[in-house]
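Worksheet: one structure, shown below.
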Amino acid sequence: MKSADNIPERDFFITEDVVGLSRRLLGMKLISASEKGRCVGIITETEAYLGETDRASHAYGGRRTARTEVMYREGGVAYVYLCYGIHSLLNVVAGPGNKPYAILIRGLYLLQGLDVMAEKLQRKKEIDVLKDGIGPGKLTKAMGIDLSHNGIELFRPGRLWLEETGLTFNGGMVKIGPRVGVEYAGEDALLPYRFLVDNKTAAIEIKKAGLV
DNA sequence: AACAAGATTAACT
DNA sequence: GTTAATCTTGTTA
């Protein structure tokens, strides 16, 4: 169908409203392209990380190292890092630059490239679109995203990018709560920066929107 | 130079 | 419910 028309402007990511942007990422397409083929997922779970003032952020207190450097760029690039030595976690960098805002992608509804994903996940049978896109480490594996994707610009086609779908989840479908796995962050661990749409609900809406 | 911890997951008991 | 897998990073426990 369309090509560049559906890709958000860079301005979309250059905002101070990281929490709002996290909410708006729900329903957008995440697309990865490789020699194996193209993989597409609809974003169904995100978490906002508010940079220097957020105890849960890697850039808390203004920490600026080789790893966190990409977070200080203008919004719209990918921040991928290795967690527990095993999992590559994908974030969308946000903000006007010099502010290390990031949004962790925690869940997708897997839409296209299921055969490629099955291979990446080392499964013998078909993958489960309702489950295999859930979890920040699992979805990157399915989509073939690793540390080499760090810094990629997500507002134009390449190896990894985002596209608008026109799909929006209404308020009742989006669960909001505290972030996962950040108990060490004290009071910041309680902040309602996590946005989640149940994949079963997402599947219904995605069909309604004619994206299947 | 060495080490403890981590925005996790799958496979156990 | 518990634990192993696995390795980069930031700190020096």
Side-chain angles (χ1 to χ4, degrees), chain A residues 13 18-23 25-26 30 32 39 41 43-73 75 77-95 99-110 117-152 154 160 162 174-197 199:
Chain A
F13 303 99
V18 190
V19 176
L21 181 58
S22 300
R23 170 69 176 79
L25 285 179
L26 297 177
L30 177 68
S32 69
C39 295
I43 297 173
T44 57
E45 183 175 353
T46 59
E47 282 180 357
Y49 287 84
L50 285 250
E52 299 167 315
T53 61
D54 183 353
R55 286 192 70 84
S57 170
H58 291 162
Y60 173 63
R63 195 163 53 184
R64 188 162 185 162
T65 65
R67 178 173 66 155
T68 62
E69 185 61 35
V70 69
M71 284 201 282
Y72 287 83
R73 290 200 210 164
V77 299
Y79 167 45
V80 186
Y81 75 96
L82 191 64
C83 187
Y84 295 104
I86 303 172
H87 306 289
S88 300
L89 303 208
L90 170 67
N91 296 252
V92 175
V93 174
K99 298 228 179 171
Y101 301 143
I103 299 163
L104 173 67
I105 307 300
R106 290 192 61 90
L108 301 173
Y109 176 85
L110 301 177
M117 293 174 180
E119 192 179 328
K120 292 264 168 59
L121 286 175
Q122 298 164 336
R123 300 289 181 79
K124 286 169 188 171
K125 53 180 182 136
E126 284 191 357
I127 66 162
D128 182 340
V129 295
L130 293 178
K131 293 181 182 172
D132 289 330
I134 296 177
K138 197 160 50 169
L139 73 88
T140 54
K141 191 171 181 187
M143 298 282 289
I145 298 165
D146 57 40
L147 296 183
S148 75
H149 293 76
N150 194 41
I152 285 182
L154 299 170
L160 184 66
L162 289 164
V174 180
K175 291 192 178 66
I176 304 175
R179 294 170 294 183
V180 176
V182 296
E183 291 75 18
Y184 60 84
E187 294 187 355
D188 288 351
L190 305 175
L191 295 169
Y193 289 172
R194 180 185 185 211
F195 298 88
L196 166 67
V197 180
N199 262 358

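Side chains included, hydrogens not; waters and symmetry mates left out as well; all remaining heavy atoms used. The sequence lines fix the lettering, A, B, ..., with proteins before strands; numbering per chain opens at 1.
Considering L30(A), V77(A), V80(A) in turn, L30(A) is the only one that fulfils the side chain to side chain contact (heavy atoms under 4.5 Å, CB included) rule with L160(A).
Pairing for dC3(B) is with dG10(C), a Watson-Crick or G-U wobble pair whose two hydrogen-bonding atom distances lie under 3.5 Å. Using Watson-Crick or G-U wobble geometry with both donor-acceptor distances under 3.5 Å, dT2(C) finds its partner in dA11(B).
The outermost nucleotides of DNA chain C lying under 4.0 Å from heavy atoms of chain A, listed 5' to 3', are dA5(C) to dT11(C).
The residue G137(A) sits close only to the backbone: its heavy atoms come under 4.0 Å of sugar-phosphate atoms, none of a base. R179(A) comes within 4.0 angstrom of nothing in the nucleic acid, heavy atoms only. If you check every strand for non-hydrogen atoms under 4.0 Å, L89(A) touches sugar and phosphate atoms only.
Counting only heavy atoms from C-beta outward, the side chains of Y49(A) and R179(A) approach each other to under 4.5 Å.
Checked by atom type and distance alone, the side chain of T68(A) pairs as donor or acceptor with a backbone atom of R63(A) at under 3.5 Å.
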Starting from the C-alpha separation in whole Å, work towards a yes-or-no answer on side chain to side chain contact (heavy atoms under 4.5 Å, CB included) for L104(A) and N91(A).
CA-CA 4 Å; L104(A) 173 67; N91(A) 296 252; 3.6 Å; yes

For a side chain to side chain contact (heavy atoms under 4.5 Å, CB included) check, start with the C-alpha distance between I105(A) and M143(A), then their side-chain angles and the critical distance, and finish with the verdict.
CA-CA 12 Å; I105(A) 307 300; M143(A) 298 282 289; over 6 Å; no

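dA10(B) and dT9(C) have their C1' atoms separated by 25 Å, given to the nearest Å. Remark: the separation of the P atoms in dA2(B) and dT6(C) is 22 Å, to the nearest Å.
As a whole-Å value, the separation of L121(A) CG from dA10(B) C1' is 12 Å. Taking atom OH of Y81(A) as the reference point, atom C1' of dG6(B) lies 8 Å away to the nearest angstrom. Spacing between atom CG of L139(A) and atom P of dA10(B) amounts to 11 Å, rounded to whole angstrom units. Nucleotide dA7(B) holds its C1' atom 10 Å from the CE atom of M71(A), rounded to whole Å.
At a cut-off of 3.5 angstrom, counting only N and O atoms as typed in the model, there is no donor on one side facing an acceptor on the other between the side-chain of H87(A) and the base of dA7(B).
Taking side-chain N and O atoms only, K138(A) has a distance below 4.0 Å to OP1 or OP2 of dA10(B).
Within a 6.0 Å radius of NZ in K99(A), other residues, nucleotides and ligands contribute 12 heavy atoms or fewer.
Considering only the side chain of Y49(A), dA7(B) comes nearest among dA7(B), dT9(B), dT8(B).
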